[in-house]
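All remarks here apply to the structure that follows.
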Amino acid sequence: MKTPAYSLVLLALLGCFAASIQAYWLADIEHQGYAPYAEDGYAVFRNVKDYGAVGDGVTDDTDAINQAIMDGNRCGEGCASSTTTPAIVYFPSGTYLLSSSLLPAYMTQMIGDPNSPPTLKATSDFQGQGLINGDPYYTQDLNWLATNVFFRQVRNFVLDTTGIDAATLAYGIHWPTAQATSLQNIQFVMPTTAGTAHIGLFIESGSGGFMTDLTFSGGAVGASLGNQQFTMRNLAFDSCTTAISQLWDWGWTYYGLSISNCPVGINVTAGGSSAQTVGSITVFDSAFESVNVAILSAFVPNESQPATAGSVILENIVATDVPVIVQTSDGNVLTGSNGNTVTIAAWGQGHEYVPNGPTTFQGAFTGNTRPSSLLGGGNSVADAAGVTGGYYARSKPQYENLRACHFFSARSAGAKGDGVTDDTAALQKVIDYATATGNVVFIDYGLYLVTGTLVVPPGARIVGESYPVLMAGGNSTFVSDSNPQPLLQVGAYTGQPGSVELSDFVLATQGAQAGAILIQWNLDASGSANPAGLWDVHTRIGGFEGSNLQAAQCQKDPESQTVNTDCIGAFMSMHIVAEAASVYAENVWLWTADHDMDDGANTQITIYSGRGLLLESSAGTVWLVGTASEHHQLYQYQLSGTQDVFMGQIQTETPYYQPNPVASAPFEANATYNDPDFATTCAGDTSGTCAMAWGLRVVSSEDILVYGAGLYSFFSNYAQTCIPGRSCQSSIASLEGLTGAVNIYNLNTIGATSMVDQDGVSLASAADNVNVYPDTIALFQTS
Ligand SMILES: *[C@@H]1O[C@H](CO)[C@@H](O)[C@H](O)[C@H]1NC(C)=O
Ligand SMILES: *[C@@H]1O[C@H](CO)[C@@H](O)[C@H](O)[C@H]1NC(C)=O
Ligand SMILES: *[C@@H]1O[C@H](CO)[C@@H](O)[C@H](O)[C@H]1NC(C)=O
Ligand SMILES: *[C@@H]1O[C@H](CO)[C@@H](O)[C@H](O)[C@H]1NC(C)=O
């Protein structure tokens with residue numbers, strides 16, 4: 001019985017067998033990405049060689065590559081931001097000589113062949129701020145407001161600045177960026193000459209962010225970093241004068257570091273003891289070898305300023321031939337060993353609440369008891385350097401070993417991606433067919449209108465081109481908040497066994513969709529070889545062309561007391577149901593838009609969405625690596641009836657419009673979702689600071705281990721005057737009916753009076769824990 005589908009499978013397989021050695025699949029596939037709001041003929045995919053780049057190490061390829069980047073009237077100098085002109089700029093292997101910076105326009109992904117990463121090599125007379133300048137100072141200021149620099153990637157490159165005189169200041173990448181950005185699989189090669197001034201990675205601003213799998217060799221500083229918060233893992237530094245120089249931050253999560261042969265590991269002394277600028281760092285599962293001082297700090301208990309600045313948490317650190325592990329203005333506060341290996345189980349400094357405080361501490365503490373289900377390593381550089389017992393980690397799959405014929409295109413399957421055509425059936429068809437045949441779904445760039453639930457079966461692998469958008473739309477499936485429905489349902493039924501891999505796409509809504517749950521995670525991957533994973537998969541509710549939830553429809557109006565129901569964007573960003581288990585989410589940003597990215601002035605907008613991430617998995621085993629959740633009405637993260645959860649770093653923001661209306665409207669609490677019932681708990685409050693969205697709410701759960709949290713409340717009905725007095729909202733984190741430990745390292749809050757509440761009682765007053773801008777508790781443990 002030879003069905004047509006069966007013959008198609010045969011053809012596909014034959015095609016794959018017959019093919020000779022091919023380039024990386026991304027270069028070889030048919031390029032059909034369609035940006036419906038860009039100029040006619042706009043190319044989403046660009047191969048730099050098609051624009052005249054030679055890659056022979058001799059020809060200056062700067063202009064050719066910058067032309068490949070800018071082709072098609074893209075968002076560069078003078079443009080505030082734009083989602084309408086996304087691009088992948090692809091580099092085959094080769095050595096591309098550069099005499100000035102590559103300038104990736106807004107929404108650019110620069111991707112090298114992962115099987116033979118291309119080298120970007122500076123000429124000796126190189127001029128510019130980085131081989132890649134992710135946000136140039138065209139005149140005096142950054143071109144883009146760094147906290148709004150979203151949706152961009154650079155992966156699979158070697159950045160070589162050794163051609164530039166060692167004593168000249170030079171950078172590999174300048175990357176002042178924000179959420180939904182990533183650097184992956186990049187080698188920074190700098191001179192090892194004494195007195196070298198080169199810096200591999202330079203970030204001085206922004207609100208990140210995530211990066212992984214980077215190696216730095218040589219240079220004065222591997223990475224020189226200032227930003228609100230970041231998650232970075234699997235970074236190797238060798239023979240840098242200083243591996244990491246922290247310029248300023250609120251919170252930073254580092255794990256899987258391997259630092260060797262660098263006199264200084266991480267320098268967090270910026271500003272000095274009387275005016276520190278580094279808020280906090282959390283470092284774990286990391287190795288230092290042949291380093292004179294692993295952590296250089298300016299913190300002095302009860303003396304340095306601000307009081308909690310310079311908070312440090314170390315856990316599971318292996319130090320070999322490191323005489324001093326932590327040195328502060330007070331001297332060596334944690335010594336290591338000349339020649340031998342010592343392991344630091346857990347050590348910290350700052351303020352602690354266990355769970356009462358504050359106590360100023362500096363020294364060893366009892367670290368987290370890690371559930372074995374969450375372990376497994378995976379930060380290869382730290383594993384190789386002898387770190388054991390590390391948390392499981394896995395980088396975004398790039399399918400290096402597959403060929404173009406293994407990728408089944410959404411547009412070839414008949415989906416249009418034009419923002420207008422109903423693509424539900426075509427998308428479901430390609431998802432089912434590719435998965436049944438063991439192939440990968442390729443979502444060509446486009447905005448795909450979806451009017452019914454898309455079901456992702458176990459075994460599915462789905463990867464997007466740039467960040468294609470699946471939009472819940474239409475007038476039926478997703479409109480009712482009393483009958484919410486998933487846009488992307490991962491698993492045919494709750495608790496279905498199996499695993500999936502999803503990467504590089506965006507879930508969104510078109511118009512008011514009060515019943516849309518953008519991702520519902522049903523799969524139980526606990527019996528699978530790998531956890532189910534999602535990497536660079538984001539929700540984006542409003543704020544872009546095609547969403548119909550923009551400045552034209554939803555401009556903020558702090559004076560009005562009425563909810564514009566046309567701007568109720570979604571019911572929930574993501575739901576991991578009780579029967580689901582074993583989910584690995586990396587660099588996932590759940591965003592209800594606060595401004596219109598396609599409006600020249602980045603006008604602020606009011607979009608209502610009910611809930612951020614609801615994690616109810618009873619068996620848990622969930623990793624949230626470099627995730628953020630912002631501007632949802634009831635909460636950003638709610639963990640309910642769950643266990644064994646790793647979170648680091650998490651970042652949240654309360655909706656800017658609250659308390660107009662307060663968090664009990666427009667969505668009402670629904671007990672089916674264990675919603676917080678602000679109408680009851682805040683009854684009688686007249687200050688307007690009680691019924692405000694939770695940044696983090698944990699109910700009836702245990703073994704929740706948070707490695708860095710930034711819970712921010714920046715506004716009260718669009719005014720920021722509440723920040724200094726910490727009166728934007730009364731409380732921001734709530735622990736209720738816990739069944740076991742909830743421990744948070746470096747809890748940073750802004751604008752909240754109480755930093756953490758348990759069963760309705762405040763445990764920590766923010767005013768007692770003043771840091772550089774946020775308020776910080778270095779060590780919070782419920783037990
Ligand atoms: C550490 O960083 C500070 C400023 O960020 C700098 O002044 C100091 O020289 C650095 N220390 C070392 C040993 O490099
Ligand atoms: C800080 O001061 C408090 C109160 O005087 C004291 O109890 C505590 O031991 C001090 N902490 C350190 C680490 O010196
Ligand atoms: C929704 O309803 C409006 C007005 O009736 C109509 O114009 C539009 O085509 C409908 N959209 C869909 C996707 O059915
Ligand atoms: C609460 O959620 C359930 C499950 O989605 C739904 O059936 C019910 O209608 C909702 N209740 C209200 C009052 O919206």
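Read the numbers this way: they start at 1 and go in the same order the structure lists the ligands and their atoms.
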Exercise. Provide, to 0.1 Å, the distance between atom 13 (C) of ligand 1 and the closest protein heavy atom, together with that atom's residue and name.
Key: Leu296 CD2, 3.6 Å
Practice problem: May I ask you to decide if Asp330's main-chain N or O and Thr328's side chain share a donor-acceptor pair within less than 3.5 Å? | Solution: yes
Quiz item: Considering only heavy atoms of Asn302, which atoms of ligand 2 have at least one such atom less than 4.0 Å away?
Solution: 1 (C), 2 (O), 3 (C), 8 (C), 10 (C), 11 (N), 12 (C), 14 (O)
Quiz item: Would a search of protein heavy atoms around atom 1 (C) of ligand 4 find one under 4.0 Å away?
Solution: yes
Exercise. Please check if any side-chain donor atom of Ser640 sits under 3.5 Å from a side-chain acceptor atom of Asn674, or the reverse.
Key: yes
Quiz item: Would you call the rings of Phe188 and Phe216 parallel, tilted or perpendicular, where under 30° means parallel and over 60° means perpendicular?
Solution: parallel
Quiz item: Mind checking whether Phe365 and Phe361 have parallel, tilted or perpendicular rings, split at 30° and 60°?
Solution: perpendicular
Quiz item: Is atom 4 (C) of ligand 2 in close reach of the protein, with a heavy atom under 4.0 Å away?
Solution: no
Exercise. Run the numbers for me: atoms of ligand 2, each under 4.0 Å from some heavy atom of Pro301, listed by number.
Key: 12 (C), 13 (C), 14 (O)
Practice problem: Could you list which atoms of ligand 1 come closer than 4.0 Å to a heavy atom of Thr269? | Solution: 1 (C), 2 (O), 3 (C)
Quiz item: Quick one: are the Cys554 and Cys567 sulfurs under 2.5 Å apart?
Solution: yes
Quiz prompt | Asn483 N/O to ligand 4 N/O under 3.5 Å | solution = no
Quiz prompt | Thr776-Asn748 side chain donor-acceptor pair, cut-off 3.5 Å | solution = yes
Self-check item: Atoms in ligand 4 with a heavy atom of Pro484 nearer than 4.0 Å
Solution: 5 (O)
Quiz item: Evaluating non-hydrogen atoms only, which member of Asn267, Val264, Thr277, Leu247 is closest to atom 6 (C) of ligand 1?
Solution: Asn267
